[in-house]
Amino acid sequence: MSTAATPVIRNQVENALALRSAGLLQEALDVLTTAGEYIADFYTLRGEIQLALGRFQEAAGSYFTVATAEPDNVFAQYNLAICLHRLGHWGEASQAFQKVLDVDAHRDDARLGLGACLLHLDRPESALSNFDNCWSDAARLRALFGKAVALQLLHRFDEAEATYERLLSSEPNSEEALSNLVILSIDAGDHEAARRRALRLLEISPHSTVALQCLAGLALERREYEAAVRFCGRIVERAPECMEAWHNLRFASGRVMSGLSAPETAIGPLLGRK
């Protein structure tokens, strides 16, 4: 670092810290002009502000600079992984999370991130093993959810169901867990369980598309057309781009109006695997 540049960069960092403390994130970022040379504090602070502003691509560049210069800098490596994850770069993010774990094997936050990436990469077996290795109380519920998702993707439905239920015993209003249980029940062919869980999900989240799709599909299968109209109507209110819902709304409405058992076939059930 040149002696001339050091005071300039130090002033930029100090001014940016003061502006950030005042909640002026964009102004703080504007203060941090190009360093021209590697200075860890400069690039780390710039990455933090860019991340806080949701500018993940730029933040990834800042953290990459630090992580490349200092491979053992766990803070920079972890935040690089977070940025890549937010950008949907699952392969690169998984590698970054793994590098964090190579330095600190007890970082369950990195292990959770790695597991999520592995799920996106369609590697549920590896994800399952990864979630099983989480050890801290702070990570327990998130690891349990990840394990349930991995088991569900592996079509180990009984184990997945039991794992979701364990999670719900601690977090009874977990919308994610209930949504996945609805889908699991449909995939397993247990329509009564799907209906029961969808109704429970609607109590927690009245606009849940997963619950409404499930109930609409089941109503169509049972030729309960008035119920199908109600559920399909609620779907198109929330998701007007859903062509299946519009089709089934017209279909069910026609059956209600005519009072006939429809000879034509609806598209339902609406619910499909995400």
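All values reported here derive from a predicted model rather than from experimental measurement.
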Subject >> Candidate pair Leu181 and Glu165, rule side chain to side chain contact (heavy atoms under 4.5 Å, CB included), full reasoning >> reply: CA-CA 9 Å; Leu181 268 175; Glu165 292 294 354; 3.9 Å; yes
Original post:
Does Leu168 reach the side chain of Ser170, with side-chain heavy atoms less than 4.5 Å apart?
Top reply: no
Original post:
Salt bridge or not for Glu48 and Arg20, using N-O below 4.0 Å?
Top reply: yes
Original post:
Which value, rounded to the nearest 0.5 Å, describes the distance between Cys232 atom SG and Leu220 atom CG?
Top reply: 5.5 Å
Original post:
So, the side chain of Ser205 versus the backbone of Leu201: is there a donor-acceptor pair under 3.5 Å, distance only?
Top reply: no
Subject >> hydrophobic_cluster_shared for Val103 and Val100, side chain cutoff 4.5 Å >> reply: yes
**OP:** Could you walk me through whether Leu154 and Glu159 pass side chain to side chain contact (heavy atoms under 4.5 Å, CB included), step by step?
**Re:** CA-CA 10 Å; Leu154 291 167; Glu159 295 173 77; over 6 Å; no
Original post:
If we ignore angles and hydrogens, is there a donor and acceptor under 3.5 Å between the side chains of Glu176 and Tyr164?
Top reply: no
Subject >> Pair Asn248-Glu244, side-chain donor/acceptor within less than 3.5 Å >> reply: no
Subject >> Main-chain N/O of Phe75 paired to Asn79 side chain as donor or acceptor, under 3.5 Å >> reply: yes
Original post:
For Ala228 and Ala219, which heavy atoms make the closest approach, and how far apart are they?
Top reply: N-CB, 3.7 Å
Original post:
Linking I/L/V/M/F/W/Y whenever their side-chain heavy atoms sit closer than 4.5 Å, directly or via other members, would Leu53 and Tyr43 fall into one cluster?
Top reply: yes
Original post:
So, Glu237 and Arg230, do they make that salt bridge, N to O below 4.0 Å?
Top reply: no
Original post:
Judged by modelled atom types alone, do Ser185 and Asp190 share a side-chain donor-acceptor pair under 3.5 Å?
Top reply: no
Subject >> Leu215, Leu199, Val210 screened by side-chain contact (heavy atoms from CB on, under 4.5 Å) with Val182, the one that passes >> reply: Val210
**OP:** Heavy atoms only: give me the nearest Phe42-Val13 pair and the separation to one decimal.
**Re:** CA-CG2, 4.0 Å
**OP:** For the pair Phe251 and Tyr225, evaluate ring-ring contact (aromatic ring centres under 6.0 Å, His included) and give the outcome as yes or no after the intermediate values.
**Re:** CA-CA 9 Å; Phe251 169 80; Tyr225 297 120; 5.8 Å; yes
Original post:
Do side-chain atoms of Ser129 reach the backbone of Glu125 as a donor and acceptor pair under 3.5 angstrom?
Top reply: no
**OP:** Find out whether Phe131 and Leu144 are in side-chain contact, i.e. whether some heavy atom of one side chain is under 4.5 Å from a heavy atom of the other.
**Re:** no
**OP:** Treating Ile, Leu, Val, Met, Phe, Trp and Tyr as nodes and any side-chain heavy-atom pair under 4.5 angstrom as an edge, say whether Leu112 and Tyr78 lie in one connected cluster.
**Re:** no
Original post:
Heavy atoms, side chains only, cut-off 4.5 Å: are Cys214 and Ile186 in contact?
Top reply: yes
Original post:
Atom CD of Glu70 and atom OG1 of Thr44: how far apart are they, to the nearest 0.5 Å?
Top reply: 7.0 Å
**OP:** Locate the shortest heavy-atom distance separating Lys147 from Leu128; write the atom from each residue and the value.
**Re:** CG-CD1, 3.3 Å
Original post:
Does any donor atom in the side chain of Glu175 or Ser208 lie under 3.5 Å from an acceptor atom in the other side chain?
Top reply: no
Original post:
Under 3.5 Å, is there a donor-acceptor pair linking the side chains of Gln77 and Tyr63?
Top reply: no
**OP:** Could you go through the side chain to side chain contact (heavy atoms under 4.5 Å, CB included) check for Leu151 and Phe157 one step at a time?
**Re:** CA-CA 7 Å; Leu151 289 167; Phe157 295 137; over 6 Å; no
Original post:
So how far is it from Leu114 CG to Gln95 CD, rounded to the nearest 0.5 Å?
Top reply: 10.5 Å
Subject >> Arg55 atom CZ: more than 12 heavy-atom contacts under 6.0 Å >> reply: yes
**OP:** May I ask you to test the Leu51-Cys83 pair for a side-chain heavy-atom distance under 4.5 Å?
**Re:** yes
Original post:
Salt bridge between Arg195 and Glu221, side-chain N to carboxylate O under 4.0 Å?
Top reply: no
Original post:
Under 4.5 Å between any side-chain heavy atoms of Lys99 and Leu80, yes or no?
Top reply: no
Original post:
Can you tell me if CD on Glu14 sees more than 12 non-hydrogen neighbours from other groups inside 6.0 Å?
Top reply: yes
Original post:
So do the side chains of Arg234 and Leu202 get within less than 4.5 Å of each other, counting heavy atoms only?
Top reply: yes
Original post:
Say you draw a straight line from CG of Leu45 to CD of Gln50; how long is it, rounded to the nearest 0.5 Å?
Top reply: 9.5 Å
Original post:
Got a second to check how far Asn180's CG is from Leu167's CG, nearest 0.5 Å?
Top reply: 10.0 Å
**OP:** May I ask you to check whether over 12 heavy atoms, not counting those of Arg156, lie within 6.0 Å of atom CZ?
**Re:** yes
Original post:
Under the 3.5 angstrom rule, does the side chain of Ser253 hit a backbone N or O of Arg250 as a donor-acceptor pair?
Top reply: no
Original post:
Pro172 and Leu178: which non-hydrogen atoms are nearest, and at how many Å?
Top reply: O-CD1, 4.3 Å
Original post:
Taking it one step at a time, do Gln57 and His89 satisfy side chain to side chain contact (heavy atoms under 4.5 Å, CB included)?
Top reply: CA-CA 11 Å; Gln57 189 72 49; His89 299 333; 4.3 Å; yes
**OP:** State whether the side chain of Ser174 and the backbone N or O of Glu171 hold a donor-acceptor pair below 3.5 Å, judged by distance alone.
**Re:** no
Subject >> Point-to-point distance, once rounded to the nearest 0.5 Å, from CG of Asn173 to CZ of Arg200 >> reply: 8.0 Å
Original post:
Using 30° and 60° as the class limits, which term best fits the ring planes of Trp90 and His85: parallel, tilted or perpendicular?
Top reply: perpendicular
**OP:** Would you mind checking if Glu161 and Arg197 are paired as a salt bridge, meaning a charged N to carboxylate O distance below 4.0 Å?
**Re:** yes
Subject >> Glu226 side-chain N/O to Val256 backbone N/O, donor-acceptor pair under 3.5 Å >> reply: no
Original post:
Would a hydrophobic clustering, with Ile, Leu, Val, Met, Phe, Trp and Tyr connected at side-chain separations under 4.5 Å, put Val31 with Leu29?
Top reply: no
Original post:
Same cluster for Leu24 and Leu32 if Ile/Leu/Val/Met/Phe/Trp/Tyr side chains link at under 4.5 Å?
Top reply: no
Original post:
Any donor-acceptor pair under 3.5 Å linking the side chain of Trp135 with the backbone of His106?
Top reply: yes
Original post:
Heavy atoms, side chains only, cut-off 4.5 Å: are Val236 and Cys242 in contact?
Top reply: no
Original post:
Are Thr163 and Phe145 side-chain neighbours, meaning at least one heavy-atom pair lies under 4.5 Å?
Top reply: no
Original post:
Looking at Phe97, is Arg111 sitting on its ring face, NZ or CZ under 6.0 Å from the six-membered ring centre and within 45 degrees of the normal?
Top reply: no
Original post:
Where is the tightest heavy-atom contact between Ala160 and Ala148, given as atom of each residue plus distance?
Top reply: CB-O, 3.7 Å
Subject >> Considering all heavy atoms, the nearest Ala139-Cys134 contact >> reply: CB-CB, 4.5 Å
